[in-house]
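Just so you know, these numbers use all the heavy atoms, side chains as well, and skip hydrogens, waters and symmetry mates. None of the values given here were measured: they were computed from a predicted structure.
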Amino acid sequence: MSNTAQSLASTRIASLLDENSFVEIGGYVTARNTDFNLQQTETPGDGVVTGYGVIDGNLVYVYSQDASVLGGTIGEMHAKKIANLYDMALKMGAPVIGLLDCAGLRLQEATDALNAFGEIYLKQTMASGVIPQITAVFGRCGGGLALVPALTDFTFMEGTKAELFVNSPNALAGNSKDKCDTASAAFQSEETGLVDFVGTEAEVLEQIRGLVSMLPANNEDDASYEECTDDLNRVCADLANAAGDTSILISNIADDNNFVEVKAAYAKEMVTGFIRLNGATVGVVANRTEVYNEDGEVAETYDCALSARGAVKAAEFVNFCDAFEIPVLSLTNVAGFKACKCSERGIAKAAAKLTYAFANATVPKVNVVIGKAFGSAYVAMNSKAIGADVTFAWSQAQIGMMDAQLAAKIMYAGENMSVINEKAAEYAALQSSALAAAKRGYVDNIIEAEDTRKYVIGAFEMLFTKRDERPSKKHGTV
């Protein structure tokens with residue numbers, strides 16, 4: 001690396017990439033603007049290190065902002081270097097990783113910087129769905145720069161010093177940083193869902209490496225595979241006991257129990273992330289009702305319901321998987337929609353987005369009903385009605401309009417409990433069992449929980465050559 005060899009920005013790149021693999025581009029670029037005495041200021045690399053290298057042998061393009069150069073502010077040439085990097089990445093079909101540490105737009109360059117900043121937005125938009133885009137926030141990322149991670153696919157954030165905001169916490173009426181730090185990693189990961197992973201700087205860089213190794217290089221890459229050394233027919237004993245905490249269930253069925261969860265701190269009642277099955281990357285979406293701690297005790301519980309936040313989280317994830325030809329596995333355990341005033345503000349639109357995402361996706365889609373599957377919430381969770389290619393159900397699963405006891409109370413209102421209990425049992429057998437759904441063709445096979453891994457692997461192998469033609473259109477509007 002030329003002018004910036006000793007900077008923190010370049011050190012981060014060296015820590016991220018395979019050893020000695022980084023090749024810098026534009027290391028001698030400096031600011032062109034001379035207003036407000038800028039000609040007297042050294043701007044090595046114009047505050048950003050750009051180039052390419054490899055992660056586990058996979059080509060990636062990287063830019064890292066250098067806060068030691070005018071606070072890492074974005075000027076005309078700074079932005080052009082990033083835009084040029086995107087042009088190269090699009091030509092080569094490789095991911096772009098941005099390491100952000102920036103005080104904002106460079107005031108001395110005004111409209112030149114502003115225009116160049118817009119060019120970054122444009123390049124990100126053109127790259128969306130073509131190459132994976134990843135950002136990591138290590139310092140300040142405020143104002144218009146906050147749109148940069150929002151336009152990427154995955155955002156990482158250092159947990160203690162990094163700041164991510166559009167408006168500073170102190171600029172919000174009735175708020176202050178001490179009262180509610182809306183720029184913190186905790187807020188951005190738990191409340192807004194913008195940040196996927198939080199950790200120390202070293203942890204963030206290691207997590208990025210793990211994620212890149214899971215993802216295809218671009219939307220036409222079919223090489224996101226690795227040799228599977230795990231038993232394809234491995235029996236997952238006691239898997240039924242993990243039906244509540246599906247993050248544990250997913251890890252159990254994955255090759256070598258490796259599960260890369262995204263947005264883990266946001267809408268915890270919905271689990272999303274990546275695993276490998278027989279060496280191939282698969283995206284997983286699952287309902288969750290419990291979270292277990294390290295001691296195996298229940299730490300948190302959630303309603304067996306689809307929430308607005310959970311639906312949007314899952315929809316965005318499914319859209320990413322579909323864009324990059326990553327098959328989708330869903331694990332369904334939902335009894336309805338979350339019922340509260342807060343959720344009601346957005347649940348209809350959010351559930352529609354989830355329904356649209358599953359129905360619109362043309363990648364192989366497999367659904368496993370692991371618990372309850374009631375009403376329209378079940379339909380939205382990748383049911384066969386909206387396009388699941390293969391649907392399995394655990395033998396104890398319940399599938400139908402609603403809970404049998406509630407249905408009996410509605411149909412036989414005024415009757416005594418003995419009649420209601422009798423009719424509830426009859427309703428459960430005729431309308432709410434996995435067998436009843438299978439007899440109607442809504443479930444392809446009833447399986448035991450411990451055999452889930454081998455059945456799912458077999459289904460995706462069968463679906464490997466799937467082709468799904470859709471009506472010609474520019475794009476949907478949901």
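- The closest donor-acceptor contact from the side chain of K268 to the backbone of V291 lies at 3.5 Å or more, if one exists at all.
- You'll find the side chain of T229 reaches within 4.5 Å of the side chain of D256, heavy atoms only.
- At a cut-off of 3.5 Å, with distance as the only test, no side-chain donor of Q133 or T135 sits close to an acceptor on the other residue.
- In this structure a side-chain-to-backbone donor-acceptor pair under 3.5 Å is present from Q188 to L164.
- Judged by distance alone, the side chains of N367 and T391 never bring a donor and an acceptor atom under 3.5 Å apart.
- Of the possible donor and acceptor atoms, none in the side chain of D153 sits under 3.5 Å from a partner among the backbone N and O of I134.
- The line from CG of N287 to CD1 of I370 is 7.5 Å long, rounded to the nearest 0.5 Å.
- Between the OG atom in S64 and the CZ atom in F138 there is a gap of 7.5 Å [rounded to 0.5 Å].
- Contact annotation: the side chain of K81 never approaches that of Y63 to less than 4.5 Å [non-hydrogen atoms, C-beta and beyond].
- The backbone N or O of K454 sits nowhere less than 3.5 Å from a side-chain atom of N233 that would complete a donor-acceptor pair.
- Here the side chains of V284 and V271 are not in contact, with every heavy-atom distance at 4.5 Å or above.
- Of all heavy-atom pairs spanning S15 and L205, the tightest one is CB-CD1, 3.6 Å.
- Salt bridge status for K177 with E163: present, with a side-chain N to carboxylate O gap under 4.0 Å.
- In this structure, N360 and D322 approach most closely via the heavy-atom pair O-OD2, 4.0 Å.
- Using a 4.5 Å cut-off on side-chain heavy atoms (C-beta onward), R453 and L277 make contact.
- Remark: side-chain polar atoms of D245 are not paired, donor with acceptor, to backbone N or O of A242 under 3.5 angstrom.
- Checked by atom type and distance alone, the side chain of N218 pairs as donor or acceptor with a backbone atom of E220 at under 3.5 Å.
- Within 6.0 Å of NZ on K466 lie more than 12 heavy atoms contributed by other residues, nucleotides or ligands.
- Residue-environment remark: CZ (F320) exceeds the threshold of 12 foreign heavy atoms within 6.0 Å.
- We find that R209 and D18 are joined by a salt bridge, their nearest charged nitrogen and carboxylate oxygen being less than 4.0 Å apart.
- Put simply, the side chain of S330 never gets that close to the backbone of V285: no donor and acceptor are under 3.5 Å apart.
- The closest side-chain heavy-atom distance from C102 to I74 is below 4.5 Å.
- Aromatic rings from F197 and F154 are positioned such that their centres are separated by 6.0 Å or more.
- Inter-residue side-chain proximity for T452 and C236 is flagged as unmet; no heavy-atom pair is nearer than 4.5 Å.
- Between I386 atom CD1 and L354 atom CG the span is 7.0 Å, to the nearest 0.5 Å.
- Annotation for G129 and N219: closest pair O-CB, 3.3 Å, computed over non-hydrogen atoms.
- Rounded to the nearest 0.5 angstrom, L194 CG and F165 CZ are separated by 13.0 Å.
- Within the 4.5 Å cutoff, the side chain of D196 has no heavy atoms near those of the F156 side chain.
- Taking each heavy atom of P149 and L100 in turn, the nearest pair found is CD-CD1, 3.9 Å.
- For the pair N258/M214, a side-chain contact is recorded, criterion being any heavy-atom separation below 4.5 Å from C-beta on.
- Although no hydrogens or angles enter the test, the distance criterion places no donor-acceptor pair under 3.5 Å between the side chain of K313 and the main chain of T272.
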Chi angles and distances behind the side-chain contact (heavy atoms from CB on, under 4.5 Å) call for N319, K353
CA-CA 10 Å; N319 286 336; K353 286 183 179 293; over 6 Å; no
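- Taking each heavy atom of L99 and R12 in turn, the nearest pair found is CD1-CB, 3.8 Å.
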L306 and M270: side-chain contact (heavy atoms from CB on, under 4.5 Å), yes or no, with the steps?
CA-CA 8 Å; L306 187 63; M270 183 71 76; 3.4 Å; yes
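- Checked by atom type and distance alone, the side chain of S307 pairs as donor or acceptor with a backbone atom of G310 at under 3.5 Å.
- Judged purely by atom type and a 3.5 angstrom limit, S128 has no side-chain atom pairing as donor or acceptor with the backbone of Q124.
- Rounded to the nearest 0.5 angstrom, I457 CD1 and L232 CG are separated by 5.0 Å.
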Evaluate the criterion side-chain contact (heavy atoms from CB on, under 4.5 Å) for residue pair F274 and C321; output intermediate values, then yes/no.
CA-CA 10 Å; F274 300 102; C321 290; 4.1 Å; yes
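- Annotation: the span from R470 atom CZ to T362 atom OG1 amounts to 6.0 Å, rounded to 0.5 Å.
- When all heavy atoms are compared, the tightest approach of D255 to G279 is OD2-N, 2.7 Å.
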Trace of the side-chain contact (heavy atoms from CB on, under 4.5 Å) decision for S247 with R288
CA-CA 8 Å; S247 63; R288 175 163 57 186; 3.4 Å; yes
